[in-house]
Amino acid sequence: MRQASVALKPAPAPAPAHPAPTHPADAPAALPDPSAIEPQRRRGRGAQSNASGRFEAEARVAFDDGWQSLEELPPFKTTVALDSARKVITRNDSPDIGFDRSINPYRGCEHGCVYCFARPTHAYLGLSAGLDFEARLFAKPDAPALLAKELAAPDYEPKMIAIGTNTDPYQPIEREQRIMRGILEVLDKVGHPVGIVTKSALVTRDIDILARMAKRQLVKVALSVTTLDPKLARAMEPRASTPTKRLEALQQLAAAGIPTTVMVAPVIPALNDCEIERILDAAAHAGVKEASYVLLRLPLEVRDLFREWLIAHYPDRYRHVFTLIREMRGGRDYDPQWGTRGKGTGPLAWMIGRRFEVACAKLGLNKRRFKLTTDHFARPARVSQQLSLF
């Protein structure tokens, strides 16, 4: 008999299956991880492991039972299941973000960005924030119809909808699913404003709709450019568009009259913080007029996943990176405090902020912020609503 996994009973508290030390930088640089996955099985993925979700009653780990059964395990392939949501607009009341509603056409993201702060949301599905987040995806094909229904509600008040704030609406499966395009068609038809964030050049596919909406001040598009180094990008964001493709996408969007923003996000000390000025300069030459940045965030399982990735790809920088992160997070690996979670605190965080501001001033970025309008909103007719005779 061949056995490839074992079920373990963890402590009852809903903690990560394999918690790291309080200060990972103080730990040995090569701790054995029972949830680690063989390189060939996770080829083209960002995470190094697939630890059980933090709410699960059992933790499952792969082990070699002497029959070489691990060699027979298949690689992680992308699967897409249907998410039968009853509503598609998600509300939030966070005081430090500029929107109160958003749409996520997909759950999970095939881009595989190892630092993605949305990874822990997969635990609510009973799945891992590691490789499951990248490979076991959920699509909402009814999202356009659900959106039209919610916009038709008599008590709905229009305000900008943000898309791409959790998982990327233009991740690879959008090529076939086309859910995002359907959502844009609904928003364009009713004249509703939308702000889009993505790492994918696939957004240029919808330039026809976006340009039409831009003429009525209904859309803004932000592309995240983490690095201009293709080697670093491939390791850190394995299935996202290359840096060159993202800059080309920004250029095409700007040329079509669509308000564009470059996001230097996330800024990771001792890894890509040296590129802030270069990224802003490249984006400005592409026609971008606005810019923003976000400091690396490591909530919940993301800390351990990023730690594993650093040890695998940049073991010489592992301790230094975490030391600098803690200097900007009040001595912790992550500080969730509203208002500072995106920028950090302390001298190093202040210096990054000033470098960003100086570079933007020299390049003429952020001189004027493009504002969206709700003046064109026309509430759609409800499906069950009787049509007027006149």
Could you check whether [X] pairs with [Y] (Lys NZ or Arg NE/NH1/NH2 to Asp/Glu carboxylate O, under 4.0 Å)?
{"X": "R332", "Y": "D335", "answer": "yes"}
{"X": "K362", "Y": "E357", "answer": "no"}
{"X": "E275", "Y": "R278", "answer": "yes"}
{"X": "D208", "Y": "R181", "answer": "yes"}
{"X": "K199", "Y": "D168", "answer": "no"}
{"X": "R54", "Y": "E301", "answer": "yes"}
{"X": "E134", "Y": "R119", "answer": "yes"}

Does atom [atom1] of [X] have more than 12 heavy-atom neighbours, drawn from other residues, nucleotides or ligands, at distances under 6.0 Å?
{"X": "R297", "atom1": "CZ", "value": "yes"}
{"X": "R234", "atom1": "CZ", "value": "no"}
{"X": "R354", "atom1": "CZ", "value": "yes"}
{"X": "R43", "atom1": "CZ", "value": "no"}

Do [X] side-chain atoms and [Y] backbone N/O form a donor-acceptor pair below 3.5 Å?
{"X": "D100", "Y": "D93", "value": "no"}
{"X": "E174", "Y": "I179", "value": "yes"}
{"X": "K87", "Y": "L146", "value": "no"}
{"X": "N272", "Y": "I268", "value": "yes"}
{"X": "E277", "Y": "V358", "value": "no"}
{"X": "K140", "Y": "A85", "value": "no"}
{"X": "N166", "Y": "T121", "value": "no"}
{"X": "R246", "Y": "S241", "value": "yes"}

pair [X]-[Y]: side-chain heavy atoms closer than 4.5 Å:
{"X": "Q48", "Y": "I37", "value": "no"}
{"X": "E110", "Y": "L137", "value": "yes"}
{"X": "P193", "Y": "T374", "value": "yes"}
{"X": "H111", "Y": "T167", "value": "no"}
{"X": "L218", "Y": "L187", "value": "no"}
{"X": "Q252", "Y": "I207", "value": "yes"}
{"X": "T165", "Y": "S102", "value": "yes"}

Under a 3.5 Å cutoff, is there a donor and acceptor pairing between the side chains of [X] and [Y]?
{"X": "Y115", "Y": "T226", "result": "yes"}
{"X": "Y156", "Y": "R379", "result": "no"}
{"X": "T373", "Y": "Q217", "result": "no"}
{"X": "E58", "Y": "S52", "result": "no"}
{"X": "T261", "Y": "R369", "result": "no"}
{"X": "D96", "Y": "S94", "result": "no"}
{"X": "Y106", "Y": "Q177", "result": "no"}

Original post:
What class does the angle between the rings of F322 and F306 fall in, given that below 30° is parallel, 30 to 60° is tilted and above 60° is perpendicular?
Top reply: tilted
Original post:
Any idea how W309 and Y314 line up, ring-wise: parallel (<30°), tilted (30 to 60°), or perpendicular (>60°)?
Top reply: tilted
**OP:** Apply side-chain hydrogen bond (donor to acceptor under 3.5 Å, both in side chains) to T340 and list each qualifying residue two or more places apart in sequence or on a separate chain.
**Re:** none
Original post:
For D132, which residues count as a side-chain hydrogen bond (donor to acceptor under 3.5 Å, both in side chains) partner, sequence neighbours excluded?
Top reply: N50
**OP:** Calculate, to the nearest 0.5 Å, the distance between atoms CZ and OG1 belonging to R239 and T78 respectively.
**Re:** 5.0 Å
**OP:** First locate atom CD of E237, then atom OG of S224, and finally report the distance between them rounded to the nearest 0.5 Å.
**Re:** 6.5 Å
Tell me whether [X] shares a hydrophobic cluster with [Y], the cluster being built from Ile, Leu, Val, Met, Phe, Trp, Tyr side chains joined at under 4.5 Å.
{"X": "V190", "Y": "V88", "value": "yes"}
{"X": "I196", "Y": "V186", "value": "yes"}
{"X": "V302", "Y": "L295", "value": "no"}

**OP:** Mark yes or no: K343 above the aromatic ring of Y293, with NZ or CZ under 6.0 Å from the six-membered ring centre and no more than 45 degrees from the axis.
**Re:** yes
Original post:
Does anything in residues 258-274 pair up under salt bridge (Lys or Arg N to Asp or Glu O under 4.0 Å), and if so which pairs, sequence neighbours excluded?
Top reply: none
Subject >> Co-members of the apolar cluster containing L127 [side chain, <4.5 Å] >> reply: L125, F138
Original post:
Other than M263, what residues sit in its cluster of Ile, Leu, Val, Met, Phe, Trp and Tyr side chains whose heavy atoms are under 4.5 Å apart, directly or through others?
Top reply: V197, V294
Original post:
Between E327 and L324, does a side-chain contact (heavy atoms from CB on, under 4.5 Å) hold up when you go through it step by step?
Top reply: CA-CA 5 Å; E327 287 184 10; L324 296 178; 3.9 Å; yes
**OP:** Show your working on side-chain contact (heavy atoms from CB on, under 4.5 Å) between V262 and L223 and close with a plain yes or no.
**Re:** CA-CA 5 Å; V262 62; L223 261 80; over 6 Å; no
**OP:** Determine which pairs satisfy ring-ring contact (aromatic ring centres under 6.0 Å, His included) with at least one residue from residues 225-272, sequence neighbours left out, and list them in order.
**Re:** none
